[in-house]
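Okay, structure first, notes after.
Protein chains get the first letters and strands the later ones, always in sequence-line order, with residue 1 at the start of each. Only a predicted model underlies this, so the values are computations on that prediction, with no experimental measurement involved.
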Amino acid sequence: MYGTPRTRRRRRSSSPPSVPPFSGHWSLFRRCCAGDWGAMIDRMILRNDPERVRKAVAAKKCVCLLDEWLSMDERLRVASSEADGLRALRNSLSLRVSALKKAGQPAEEAMEESRATGERIALIERDTKALETSMLDIQLSIPNIPDPDVPLGGEDANHEIRRWGAPPVFDFAPRPHWELMKGVYEPEAAGEIAGSNFILFRGWAARLQRKLINWMLDNHHVAGMEEVWPPFLASRESVTATGQLPKLEEDMYRLERDDLFLIPTGEVPITNLYRGAMLSESALPVKLCGYTPCFRREAGSYGKDTRGLNRVHQFEKVEMVWLTHPEGSRNAHESMLAHAAGLLEHLGVHYRVLLLASGDLSFSAARCYDLEIWSPGQEKWLEVSSVSNFHDFQARRGNIRFRPDGGGKPMFVHTLNGSGLALPRLISTLVETFQRADGTVDFEGLLSRLVIPEKSGSAQ
RNA sequence: GGAGAGGUGGCCGAGCCGGUUGAAGGCGCACGCCUGCUAAGCGUGUGUGGGGUGUUGAAUCCCACCGAGGGUUCGAAUCCCUCCCUCUCCGCCA
């Protein structure tokens with residue numbers, strides 16, 4: 001139904017050497033040399049419309065060496081065209097050698113010329129290879145271009161689209177969750193086990209989290225998404241494909257010995273499920289969802305919103321990942337947003353939708369909505385979902401394509417993902433929303449909101 | 001971790017005692033023919049990417065790509081080395 005996720009034999013590649021020579025990965029390197037993948041942005045855009053890219057980079061407050069790239073591109077084209085000519089010469093010489101030998105005639109002259117040509121080729125190749133490596137490094141560090149309707153600016157320029165519901169009203173002073181969850185949320189214990197800013201739930205908090213995960217996944221299932229339970233570690237190549245690398249290496253946990261990363265989001269393994277895939281057009285859209293823990297070092301973020309469950313090193317999340325036809329991604333983005341918001345509406349939580357400004361967009365995103373819920377105990381908005389459209393950015397990096405019905409060139413899919421939803425902030429807000437005057441929580445009332453949706457006919 | 005077998009086009013699968021093999025054959029797909037419809041059948045075509053000439057998006061030429069990287073050679077899918085992945089068996093273990 002979803003087509004073959006990918007052909008196994010094609011996508012595997014060599015391991016990186018112990019010290020990767022560039023911030024990407026060997027297979028990306030190969031792709032870059034062979035074609036247009038590995039680059040986030042269509043190479044033709046870089047070449048023919050560098051101004052557009054320059055603006056996008058600035059809007060995202062990123063830095064990249066676009067001018068260097070352009071001059072290297074210039075040099076590369078000259079060099080590789082020269083090498084191409086020499087290879088053509090060598091090919092014809094080899095053919096002549098073959099013909100001469102078959103005719104029983106001496107071929108030493110042609111062999112010698114071919115050998116000399118080969119040496120010249122090798123010389124040029126040394127240069128082009130170095131160029132390509134540097135160019136790929138730059139290409140991988142160029143962020144995606146924001147959509148035209150994305151507001152320019154930083155966090156302050158985020159545009160509130162709408163609000164739903166109203167803040168809960170109490171006839172007492174509402175408490176923050178860390179007071180309400182004494183005994184079931186024990187950061188000190190987590191600190192003893194792993195370190196500060198980890199979560200340990202027990203009792204009803206642990207049960208609540210599990211039930212919420214189930215409930216969300218069941219919702220997605222009914223909405224036609226296929227559930228995925230992926231690995232929670234991912235390779236350098238995978239993390240580069242979704243665009244966390246090279247920029248966010250310092251923000252991820254890395255297993256030195258194996259060069260594996262603890263996934264910062266389910267987006268990484270679930271999107272990479274289709275890396276290298278050639279889908280049929282009729283298989284689109286592919287709609288996936290899955291539960292994963294998310295690991296983030298949150299380097300340099302201490303002291304910022306760190307109280308309670310707001311910012312932690314490991315949190316649980318249910319993620320939606322969709323692959324769509326390029327022409328369908330805009331609508332799919334709205335649809336995914338509506339689906340995530342629908343969860344909040346079932347829970348009766350006051351929320352608002354933000355269209356993120358360019359400076360607040362993630363590296364890979366072209367357009368992103370944030371869903372924020374109102375925390376009555378802390379009296380502030382908390383992000384519980386980011387719903388992003390990446391266009392073909394990740395698909396290029398991961399080489400996820402489809403073949404149009406009726407033949408034609410393969411095209412890159414568009415990828416989207418969105419939290420549905422992240423748990424710690426949801427839990428803290430629910431607890432604060434369902435609190436009673438005596439400091440207890442109406443757990444049963446909360447659970448009554450978690451109605452299991454009706455099963456759809458087709459199991460996926 | 002040890003031993004063995006593998007990795008070829010959208011898919012399956014030959015080639016693997018080096019030289020029109022970018023790669024047989026099949027499937028799928030596209031176009032055409034045929035049958036009153038459908039199915040079957042027949043014919044033709046059909047990889048990806050880069051670069052050049054050209055038209056304006058018809059054509060044509062060159063190059064690269066048979067898991068990845070390196071080596072041997074005038075010439076490598078074919079021989080050698082390293083690595084990755086898959087499968088089977090053994091060991092270990094939740």
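Of the nucleotides present, B/rG45 is the one that pairs with B/rC29 by Watson-Crick or G-U wobble criteria, both distances under 3.5 Å. Summarising the base pairing, B/rA3 is matched to B/rU88 through a Watson-Crick or G-U wobble pair whose two defining distances lie under 3.5 Å. Using the Watson-Crick or G-U wobble rule with both distances under 3.5 Å, B/rG18 pairs with nothing in any strand shown. Pairing for B/rU55 is absent, judged as Watson-Crick or G-U wobble with the two contacts each under 3.5 Å. Nucleotide B/rG69 forms a pair with B/rC81, judged by Watson-Crick or G-U wobble geometry with both contacts under 3.5 Å. Remark: B/rG75 base-pairs with no nucleotide in the shown strands. Criterion, Watson-Crick or G-U wobble with two distances under 3.5 Å. Under the Watson-Crick and G-U wobble criteria, each requiring two contacts below 3.5 Å, nucleotide B/rC93 is left unpaired. If you check B/rU35 for Watson-Crick or wobble pairing at under 3.5 angstrom, you find it has no partner at all.
Rounded to whole Å, the distance from CD on A/Glu125 to C1' on B/rC63 is 11 Å. What separates CZ of A/Arg401 from P of B/rG47 is a distance of 14 Å, to the nearest Å. B/rC85 atom P lies 12 Å from atom CG of A/Asp259, rounded to whole Å. We find that CG of A/Asn399 is positioned 12 Å from P of B/rG50, with the value rounded to whole Å. Rounded to an integer number of Å, the gap from CG of A/Leu86 to P of B/rG75 is 13 Å. Rounded to whole Å, the distance from CZ on A/Arg236 to C1' on B/rC84 is 16 Å. Separating the CD1 atom of A/Ile124 from the C1' atom of B/rC62 is a distance of 15 Å, rounded to the nearest angstrom. Rounded to an integer number of Å, the gap from A/Arg43 CZ to B/rU48 C1' is 14 Å.
Side-chain atoms of A/Gln394 and A/Thr415 include a donor-acceptor pair closer than 3.5 Å. With no hydrogens or angles considered, no side-chain donor-acceptor pair links A/Ser364 and A/Asn144 at under 3.5 Å. For the residue pair A/Lys247 / A/Ser141, no side-chain donor-acceptor distance below 3.5 Å is found, with atom types taken as modelled. Looking only at atom types and distance, the side chain of A/Tyr291 has no donor-acceptor partner in the side chain of A/Glu319 under 3.5 Å away. Inspection of the A/Arg275 and A/Ser238 side chains reveals an N or O donor paired with an N or O acceptor under 3.5 Å.
A/Ala110 comes within 4.0 angstrom of no nucleic acid atom, judged by non-hydrogen atoms across all strands. Using a 4.0 Å heavy-atom criterion, one finds that A/Arg47 contacts the sugar-phosphate atoms exclusively. A/Asn91 comes within 4.0 angstrom of the backbone, heavy atoms only, and of no base.
Atom-to-atom distance recorded for A/Phe261:CZ and A/Met252:CE is 5.0 Å, nearest 0.5 angstrom.
Nucleotides B/rC12 and B/rG7 place their C1' atoms 14 Å apart, quoted to the nearest Å. B/rG6 and B/rA77 have their C1' atoms separated by 15 Å, given to the nearest Å. Look at the C1' atom in both B/rA40 and B/rU46: the space between them is 22 Å, to the nearest Å. For the C1' atom pair drawn from B/rG15 and B/rU44, the interatomic distance equals 26 Å after rounding to whole Å. B/rG10 sits 13 Å from B/rA30 when the C1' atoms are compared, rounded to a whole Å. Taking atom C1' in both B/rG2 and B/rC79, the straight-line distance is 27 Å, to the nearest Å. B/rC62 sits 15 Å from B/rG54 when the C1' atoms are compared, rounded to a whole Å. Rounded to whole Å, the separation between the P atoms of B/rG13 and B/rG67 comes to 14 Å.
Here the nucleotide nearest the side chain of A/Arg90, chosen from B/rG75, B/rG10, B/rC62, is B/rG75. Picking from B/rC63, B/rG19, B/rG70 the nucleotide with the shortest atom distance to the side chain of A/Lys129 gives B/rG70. Among the nucleotides B/rG75, B/rU48, B/rG50, the one closest to the side chain of A/Lys409 is B/rU48. Which of B/rG47, B/rG51, B/rG19 sits closest to the side chain of A/Arg403 comes down to B/rG47.
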Can you list the steps and then say if A/Tyr369 with A/His333 is a ring pair (Phe, Tyr, Trp, His ring centres under 6.0 Å)? CA-CA 9 Å; A/Tyr369 294 113; A/His333 193 204; 4.8 Å; yes

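Two residues, A/Lys101 and A/Arg87, neighbour RNA chain B, and the one matched to the more 5' nucleotide by heavy-atom proximity is A/Arg87.
In this structure, A/Arg96 does not reach the B/rG75 phosphate: none of its side-chain N or O atoms is under 4.0 Å from OP1 or OP2.
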